[in-house]
Q: 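Just dropping this structure here.
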There are 2 protein chains.
Amino acid sequence: MTEPHEPALDRIRALPSWLLNRAAGRGRRLLGEAFAHEGLRMPHHAVLAAVADIGPVAQAALGRETGFDPKDMVGILNDLQRARLVTRTPDPDDRRKNVIALTAEGRSCLGRLAQLGDEANRALLAALTPAEREQFVALLARVAEEREEGPVA
Amino acid sequence: MTEPHEPALDRIRALPSWLLNRAAGRGRRLLGEAFAHEGLRMPHHAVLAAVADIGPVAQAALGRETGFDPKDMVGILNDLQRARLVTRTPDPDDRRKNVIALTAEGRSCLGRLAQLGDEANRALLAALTPAEREQFVALLARVAEEREEGPVA
DNA sequence: CAAAAAACGTTGGACACCCCAACGAAGATC
DNA sequence: GATCTTCGTTGGGGTGTCCAACGTTTTTTG
């Protein structure tokens with residue numbers, strides 16, 4: 001016995017946390033390359049999609065919807081505004097707010113981003129069969145949901 | 001037709017790349033909290049394990065084994081050395097190299113880290129049944145392997 | 001054997017994503 | 001009218017990943 005518990009690194013490499021980091025990094029790289037054409041990145045895609053979904057909105061609501069920090073939202077919207085994909089105008093009804101609205105270019109860009117994102121995700125899961133992909137995504141979604149502490153009582 | 005392609009954000013949130021990012025972030029947080037007791041982080045665990053696996057080794061070989069950048073390896077080893085978990089001595093046979101060796105404290109710490117890591121990973125996959133966990137990890141491992149470009153010829 | 005090439009550890013810097021604290025301006029509440 | 005909250009903004013921190021360059025030492029090569 002006392003079998004050499006040697007492969008400590010292999011054990012780590014088989015850990016879900018390690019694999020998730022690797023896979024996520026791969027996904028980030030693929031998405032990044034795909035979006036590079038538009039000069040945008042993942043957060044831009046999400047925010048642009050959110051603006052498309054919930055019409056003209058204030059930044060704070062946008063942040064609540066997407067989960068981005070207000071600080072980061074500023075930068076993201078600066079980029080989107082500079083690229084003429086959204087407009088940012090003061091809200092006359094509430095002078096604290098900025099009304100973020102999608103432009104025509106923004107809508108078409110969003111379409112391209114969606115397609116690019118889909119392609120990148122197809123490449124990301126290229127190693128799996130369609131059935132496996134479905135299974136994987138379903139399980140992954142449950143892992144990603146962070147419902148802290150379930151039954152405490 | 002022209003069915004309201006409204007839920008653009010929901011589509012993004014269902015993307016594997018998005019879910020992977022979320023799940024990986026959750027894993028990083030759990031691992032980070034678990035390892036905080038030892039004052040270490042994920043990379044330290046990996047490098048410590050690699051040193052345990054392939055005996056006294058040079059930093060470069062360690063970097064090749066673990067996939068860490070040489071620049072980052074310096075910092076990681078600085079931390080491990082400061083914590084007396086490894087020793088870093090000049091190699092007499094090759095004065096370019098540093099020989100990294102595990103200390104007794106390093107070995108016991110590695111054992112604790114392994115246990116903490118396992119616990120955190122258990123929490124990470126708490127939402128899945130044992131059978132699902134196995135399936136998930138198997139699929140995830142295939143997604144994480146980044147074998148660029150398969151059959152080109 | 002001398003010159004060129006490669007590997008070693010180190011430093012400096014960059015990027016992506018995530019999170020927190022504080023501030024002035026403006027609105028809501030009492 | 002004073003308090004409290006929300007809004008956008010600025011400043012900062014932290015983790016993980018990656019690249020470029022340098023001086024030193026070893027290896028390869030002409």
Side-chain angles (χ1 to χ4, degrees), chain A residues 12 17-36 39-47 57-81 86 88-100 144 146, chain B residues 12 17-36 39-47 57-64 66-79 81 86 88-100 144 146:
Chain A
I12 291 179
S17 51
W18 179 276
L19 295 173
L20 278 172
N21 257 334
R22 285 272 152 187
R26 208 163 88 84
R28 251 183 286 118
R29 203 175 321 125
L30 286 170
L31 265 287
E33 291 168 5
F35 287 171
L40 301 176
R41 290 162 307 155
M42 185 265 275
H44 300 104
H45 185 196
V47 171
V57 197
Q59 292 186 206
L62 222 39
R64 258 172 262 129
E65 187 68 16
T66 58
F68 288 121
D69 190 276
K71 149 75 171 277
D72 305 317
M73 185 64 70
V74 173
I76 296 170
L77 287 177
N78 283 346
D79 297 339
L80 294 178
Q81 187 182 19
V86 304
R88 176 154 51 172
T89 58
D91 187 340
D93 296 349
D94 188 337
R95 309 220 310 270
R96 295 172 301 178
K97 300 183 182 178
N98 283 340
V99 179
I100 309 298
E146 54 172 332
Chain B
I12 291 181
S17 52
W18 180 276
L19 294 173
L20 278 172
N21 259 332
R22 285 271 154 188
R26 208 163 88 83
R28 247 183 289 118
R29 204 173 320 125
L30 285 170
L31 264 288
E33 291 168 5
F35 287 172
L40 300 176
R41 290 163 308 158
M42 186 264 276
H44 301 103
H45 185 195
V47 171
V57 195
Q59 291 186 206
L62 222 41
R64 264 177 307 242
T66 57
F68 288 120
D69 190 275
K71 148 75 171 282
D72 305 318
M73 186 63 71
V74 173
I76 296 169
L77 287 176
N78 283 346
D79 297 341
Q81 188 182 19
V86 303
R88 176 154 53 172
T89 59
D91 186 341
D93 296 349
D94 188 337
R95 309 220 309 272
R96 294 173 300 181
K97 300 181 182 177
N98 283 338
V99 179
I100 309 298
E146 56 172 330

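The model shown is predicted, which means the values in this text are computed figures rather than measured ones. Throughout, protein chains are lettered first and strands after them, A, B, ... in sequence-line order, and every chain is numbered starting at 1.
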Q: Taking N and O atoms by type only, does the side chain of A:Asn98 place a donor or acceptor under 3.5 Å from a partner on the base of D:dC7?
A: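 Counting by modelled atom types and ignoring angles, no donor-acceptor contact under 3.5 Å is found here.
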
Q: Is there side-chain contact between B:Ile100 and B:Gln81, with at least one heavy-atom pair below 4.5 Å?
A: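 Not touching, per the 4.5 Å side-chain cut-off.
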
Q: Expressed as a whole number of angstroms, how long is the span from A:Ile12:CD1 to D:dG16:P?
A: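 Going from CD1 in A:Ile12 over to P in D:dG16 covers 13 Å.
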
Q: Please determine if a side-chain N or O atom of B:Asn78 lies less than 4.0 Å away from the OP1 or OP2 oxygen of C:dT10.
A: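 Checking C:dT10 against B:Asn78, no side-chain N or O comes under 4.0 Å of OP1 or OP2.
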
Q: Roughly, in whole Å, what's the span from CD1 in B:Ile76 to C1' in D:dG14?
A: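 In whole Å, D:dG14 C1' and B:Ile76 CD1 are 15 Å from each other.
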
Q: Whole angstrom is fine here: how far is it from CZ in B:Arg64 over to C1' in C:dG9?
A: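 Atom CZ in B:Arg64 sits about 12 Å away from atom C1' in C:dG9.
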
Q: For C:dC18, does OP1 or OP2 lie under 4.0 Å from any side-chain N or O of B:Asn21?
A: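 No, because none of the side-chain N or O atoms of B:Asn21 sits under 4.0 Å from OP1 or OP2 of C:dC18.
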
Q: Contact class for A:Met42 (heavy atom, under 4.0 Å): base, sugar-phosphate, or nothing?
A: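 Since only primed, P, OP1 and OP2 atoms lie under 4.0 Å of A:Met42, the category is sugar-phosphate.
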
Q: What's the closest nucleotide to the side chain of B:Arg41 if the choices are D:dG16, D:dC18, C:dG9?
A: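 When the side chain of B:Arg41 is considered, D:dG16 is the closest of D:dG16, D:dC18, C:dG9.
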
Q: Once you round it to whole Å, what is the distance between C1' of D:dT15 and CZ of B:Phe35?
A: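 Interatomic distance, CZ of B:Phe35 to C1' of D:dT15: 14 Å.
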
Q: Compare every heavy atom of A:Thr66 with every heavy atom of B:Arg22, then report the nearest pair and how far apart it is.
A: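 Residues B:Arg22 and A:Thr66, closest heavy atoms: NH2-O, 4.2 Å.
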
Q: Just how far, in rounded Å, is P of D:dT17 from CG of A:Leu20?
A: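 Atom CG in A:Leu20 sits about 13 Å away from atom P in D:dT17.
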
Q: Using whole Å, report how far CG of B:Asp69 lies from C1' of C:dG12.
A: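 It works out to 12 Å between those atoms.
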
Q: Within the 4.5 Å heavy-atom criterion, are B:Ile12 and A:Met42 side-chain neighbours or not?
A: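 They are not in side-chain contact.
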
Q: Determine the contact category for A:Asp94: base if any of its heavy atoms lies under 4.0 Å from a base atom, sugar-phosphate if only primed atoms, P, OP1 or OP2 are that close, otherwise nothing.
A: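 Sugar-phosphate only.
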
Q: Output the rounded distance in Å from CE (A:Met73) to P (C:dC20).
A: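 Atom CE in A:Met73 sits about 15 Å away from atom P in C:dC20.
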
Q: Taking only N and O in the side chain of A:Arg95, is any of them less than 4.0 Å away from OP1 or OP2 of C:dA26?
A: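 Yes, within the criterion.
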
Q: Considering all heavy atoms of both residues, which atom of A:Arg26 and which atom of B:Ala144 are nearest to each other, and what is their separation?
A: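 Looking at all heavy atoms of both residues, the shortest contact is CD-O, 3.9 Å.
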
Q: Taking only side-chain N and O atoms of A:Arg26, does any of them lie within less than 4.0 angstrom of OP1 or OP2 on D:dT17?
A: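 Checking A:Arg26 against D:dT17: no side-chain N or O falls below 4.0 Å of OP1 or OP2.
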
Q: Check the distance between D:dC7's C1' and A:Leu77's CG and give it to me in whole angstrom.
A: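 Taking atom C1' of D:dC7 as the reference, CG of A:Leu77 is at 13 Å.
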
Q: Both A:Arg96 and A:Lys71 contact DNA chain C. Taking the nearest nucleotide for each, which residue is further toward the 5' end?
A: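 Whichever sits nearer the 5' end wins; that is A:Lys71.
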
Q: Please determine, for the side chain of A:Arg28, which listed nucleotide (D:dG8, C:dA16, D:dT25) has the closest atom?
A: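 The answer is C:dA16.
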
Q: Under 6.0 Å between ring centres, would you say that holds for B:His45 and B:Phe35?
A: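 Yes, the ring centres sit under 6.0 Å apart.
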
Q: If you compare every side-chain N and O of A:Gln59 against the phosphate oxygens of D:dT9 (OP1, OP2), does one of them come in below 4.0 Å?
A: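 Affirmative; the distance criterion is met.
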
Q: Less than 4.0 angstrom between a side-chain N/O of B:Arg29 and OP1 or OP2 of D:dG14, yes or no?
A: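 B:Arg29 to D:dG14 OP1/OP2: no side-chain N or O under 4.0 Å.
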
